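Only heavy atoms go into these numbers, but all of them, side chains included; no hydrogens, no water, no symmetry mates. The shown structure was predicted, so the numbers you read here are calculated from the model rather than taken from an experiment.
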Amino acid sequence: MQPPTSWLFVKDGQSIYIVRPPDSFEMLVSGPGTAGALHEFRNEDELQAFQIELAENLSGQGWLLWAFDRDRRTGSSE
């Protein structure tokens, strides 16, 4: 099983942690504080459009992408 892909945004001592589980069309958003949501999509295109819009909105609100864990898929079936 592949590890999830994740992003950490920070601003004013708060954080938003975003996780994309492998092999799914879901995105988990945790933060800031106790806020959280699971977003489910019908396909990869919908998920990627949401991810781009979310990142642009967060950046526009002053959130800084602090860390990310790249998608480590290699194309092999391991």
Side-chain angles (χ1 to χ4, degrees):
M1 176 178 250
Q2 298 293 326
T5 303
S6 61
W7 301 266
L8 177 65
F9 287 84
V10 295
K11 175 182 165 186
D12 300 331
Q14 294 190 24
S15 64
I16 297 175
Y17 185 59
I18 303 166
V19 177
R20 177 174 178 191
D23 304 320
S24 76
F25 299 125
E26 296 179 339
M27 186 164 284
L28 301 154
V29 180
S30 299
T34 59
L38 170 64
H39 301 275
E40 297 177 287
F41 305 92
R42 291 179 294 205
N43 57 49
E44 183 71 23
D45 291 338
E46 285 184 7
L47 189 152
Q48 286 190 16
F50 175 81
Q51 178 182 328
I52 290 167
E53 183 178 349
L54 178 60
E56 288 174 348
N57 286 340
L58 290 173
S59 294
Q61 295 171 21
W63 290 89
L64 175 66
L65 177 59
W66 186 256
F68 68 95
D69 182 313
R70 253 180 271 179
D71 186 347
R72 296 185 184 130
R73 290 179 218 175
T74 63
S76 68
S77 59
E78 293 181 47

Practice item. Could you pull out the closest heavy-atom pair between Val19 and Ser6, with the gap in Å? Key: CG2-CB, 4.2 Å
**Study point:** Arg20 CZ to Phe41 CZ distance, which is reported to the nearest 0.5 Å
**Key:** 9.5 Å
Practice item. Mind checking ring-ring contact (aromatic ring centres under 6.0 Å, His included) for Tyr17 and listing every partner two or more places apart, or none if nothing turns up? Key: none
Check your understanding: Between CG of Leu65 and CG of Leu8, what distance do you get to the nearest 0.5 Å?
Key -> 8.0 Å
Review point. Which pairs with one or both residues in residues 27-43 pass side-chain hydrogen bond (donor to acceptor under 3.5 Å, both in side chains), sequence neighbours excluded?
Key: Arg42-Glu46
Point to revise | Residue pairs, two or more places apart or on separate chains, that pass side-chain hydrogen bond (donor to acceptor under 3.5 Å, both in side chains) and touch residues 48-68 | key: Glu44-Gln48
Review point. Can Phe68 be reached from Leu58 by stepping across I, L, V, M, F, W or Y side chains whose heavy atoms are under 4.5 Å apart?
Key: yes
Practice item. Identify the residue among Val29, Leu54, Val10 that makes a side chain to side chain contact (heavy atoms under 4.5 Å, CB included) with Ile16. Key: Val29
Practice item. Looking only at non-hydrogen atoms, find the nearest pair between Pro21 and Glu26 and report the distance. Key: CD-O, 3.4 Å
Review point. Hey, what do you get for CG (Leu28) to CD1 (Ile18), rounding to the nearest 0.5 Å?
Key: 10.5 Å
